Amino acid sequence: MHADRETDHDMTHGDIAVLLAAAADEVRIGPAPCQALVRGGRRRRARRWAIAATAALVVAGSTGTLALAGARDDGAKRVAPAATRLPVSDERHLYEPRSSDLARGTDHGRKWKVVIYVWGAPRDRTEAQRQMDAMARSGFGNPGVEPPTPVQLVGRSAYFVRLTVDGRTSTKVLGVFDRRGTMSGRDVWSAALPLETRRTTPRGSGERLVIGRVSTTAQEVTCTWDDATTTKAYRPAPGTGIGGDFEDLIRPADGSPSDWFVCLGPEGRTFKAVAVTK
C-alpha cells in the first residue's frame, strides 16, 4: 500500500473501506467487566454508609451540646468547649417557673397586682436540689417545705404568690401542691392579708385581700367581711379577654392543678369567711 494513502485526497470509497476493515481486525473486544463494576459500586456505597453512620454517632453522642468553631487571627481554627451548664428552663419548668397574673387593680391611686409562680415537679433528688438552688438564685427562697430538704420536693410542684403594690413586691403565699390529688367539689383554701407589701396593721385587722384555691369545677366563691357584706368571685365568660385592671375572678394558673381566686374587700373591712357557693 502506498505510504501516502492516509493523506491522498484521491482515495476511493473502496480504499477507505479496506482501511477500516484492517483496523477492526486489530481490535480485540473482551467481555464487559460487569462484576468489577458491581464490586466497585458496592465499595463506594459502603464507604458512604460508613461516613454517614459515623456522622450520626457524633451527633447522637453530643447530648444536645455543640462545639463552636471560630478562626483565630492566625487563620487556625479554634474550637470552643461544648456547653455543660444546665438549661435555666425546660419543658417541665424545673429551673424557671411559669407565671400567671391572678388579679390587677388600682386602690387609692396605687397600682397593685397578684402573680403566681409555679415550678415543675422534680423527678429525683438531683433535680430537686438544682431546683432549690435556682429558687435561691431567683430570690424565691425555700417554698415552705419541712424539713427544707430536696427530698420534700420530689414529685411535687411548688408555688409562690407575690403581691406588688406601687412597685414594691413581697411573697405572701407559698407552698407545694399535695401529691394526693387536686381539689374537688366545694373544697376551698384561702389566705387573707392587707393590701400592703409590708404589714402596717395588727394581724386580724384590715385583711381585705383574699387569695385562695378551688377546684377546676367551682363557678363562684363568696368572700364575707366583718360587716356581713360579701364579695363574689366568678369565672369570666368563655372567650372574654382580660386587659387592664381585673379582680374578683376565678382563674386557672399555668402549671397549677387547682384554680385560683382573688377577692378584694371594701376599704376598712376585714376578712371573715369564704365559701364556694356554686
Side-chain angles (χ1 to χ4, degrees), residues 88-89 93 96-119 134-144 157-175 188-214 218-227 229-256 258-274 276:
V88 297
S89 178
H93 294 270
E96 184 174 313
R98 284 174 280 192
S99 64
S100 303
D101 287 2
L102 300 180
R104 294 192 298 266
T106 304
D107 184 75
H108 295 286
R110 301 180 306 163
K111 289 288 186 181
W112 64 272
K113 65 178 178 179
V114 177
V115 182
I116 182 173
Y117 299 84
V118 180
W119 302 70
M135 288 175 178
R137 288 193 302 269
S138 301
F140 285 89
N142 174 34
S157 296
Y159 63 87
F160 296 80
V161 180
R162 288 180 157 183
L163 170 66
T164 299
V165 180
D166 262 358
R168 185 188 295 274
T169 300
S170 65
T171 298
K172 294 299 184 180
V173 182
L174 52 83
V188 62
W189 174 94
S190 67
L193 54 140
L195 190 63
E196 302 286 348
T197 53
R198 292 182 293 186
R199 177 171 290 277
T200 57
T201 58
R203 184 171 295 278
S205 174
E207 294 176 341
R208 62 189 184 103
L209 181 67
V210 181
I211 303 168
R213 288 194 287 133
V214 292
Q219 299 299 310
E220 181 184 87
V221 174
T222 300
C223 296
T224 303
W225 314 106
D226 59 351
D227 63 351
T229 59
T230 60
T231 299
K232 294 185 182 295
Y234 58 92
R235 292 187 183 276
T240 302
I242 298 178
D245 291 353
F246 66 90
E247 56 194 57
D248 305 334
L249 293 181
I250 302 172
R251 290 174 52 76
D254 288 342
S256 171
S258 306
D259 287 350
W260 292 76
F261 70 91
V262 174
C263 288
L264 181 64
E267 178 71 25
R269 299 276 64 87
T270 296
F271 168 76
K272 182 178 180 181
V274 63
V276 174

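The figures that follow rest on heavy atoms only: side chains count, while hydrogens, waters and symmetry mates do not. Not measured: the values here are computed from a predicted model.
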With sequence neighbours left out, write down each residue that passes side-chain contact (heavy atoms from CB on, under 4.5 Å) with Arg168, or none if nothing qualifies.
Thr197, Arg198
Heavy atoms only: give me the nearest Ala158-Met135 pair and the separation to one decimal.
CB-CE, 3.8 Å
Using side chain to side chain donor-acceptor pair (under 3.5 Å) as the criterion, list what pairs up with Asp248, not counting sequence neighbours.
none
Any idea which heavy atoms bring Leu249 and Ala233 closest together, and the distance?
N-CB, 4.0 Å
Heavy-atom pair of closest approach, residues Val274 and Cys223
CG2-SG, 3.9 Å
With rounding to the nearest 0.5 Å, note down the distance linking SG in Cys263 to CD1 in Ile250.
8.5 Å
OG1 on Thr222 to NZ on Lys232, rounded to 0.5 Å
3.0 Å
Heavy atoms only: give me the nearest Leu163-Pro194 pair and the separation to one decimal.
CD2-O, 4.0 Å
How many angstroms lie between CD1 in Ile116 and NZ in Lys172, if you round to the nearest 0.5 Å?
16.0 Å
Check whether any side-chain heavy atom of Phe160 sits under 4.5 Å from a side-chain heavy atom of Ser138, and report yes or no.
no
Looking only at atom types and distance, does a side-chain atom of Arg162 sit under 3.5 Å from a main-chain N or O of Tyr117, one as donor and one as acceptor?
no
If you define the side chain from C-beta out and look only at heavy atoms, does anything of Leu174 sit under 4.5 Å from Phe140?
no
State the CZ-CG distance between Phe271 and Leu193, to the nearest 0.5 angstrom.
11.0 Å
Quick check: do Arg251 and Ser100 have side-chain heavy atoms less than 4.5 Å from each other?
no
Residues in ring-ring contact (aromatic ring centres under 6.0 Å, His included) with Tyr159, at least two apart?
Phe177, Trp260
Is there side-chain contact between Glu247 and Val114, with at least one heavy-atom pair below 4.5 Å?
no
Could you pull out the closest heavy-atom pair between Gly265 and Thr231, with the gap in Å?
CA-OG1, 4.5 Å
Any residue meeting side-chain contact (heavy atoms from CB on, under 4.5 Å) with Lys111, in chain and number order, not counting sequence neighbours:
Thr106, Asp245
Do Leu209 and Val262 have side chains that approach each other closer than 4.5 Å (heavy atoms only, starting at C-beta)?
yes
Tell me every residue that passes side chain to side chain donor-acceptor pair (under 3.5 Å) with Arg98, counting only those two or more places apart in sequence or in another chain.
none
Find out whether Arg208 and Asp107 are in side-chain contact, i.e. whether some heavy atom of one side chain is under 4.5 Å from a heavy atom of the other.
yes
Glu207 CD to Asp226 CG distance, which is reported to the nearest 0.5 Å:
10.5 Å
Nearest atoms (heavy-atom pairs only) where Gly206 meets Thr270:
N-OG1, 2.8 Å
Electrostatic pair Arg269:Asp227 at N-O distance under 4.0 angstrom
yes
Working to the nearest 0.5 angstrom, can you tell me the gap between Ser99 OG and His93 NE2?
10.0 Å
With a 3.5 Å distance limit and no angle check, can you tell me whether Thr229 reaches the backbone of Trp225 through a side-chain donor-acceptor pair?
no
Do the side chain of Thr224 and the main chain of Lys272 share a donor and acceptor less than 3.5 angstrom apart?
no
Quick one: side chain to side chain donor-acceptor pair (under 3.5 Å) partners of Trp112, sequence neighbours excluded?
none
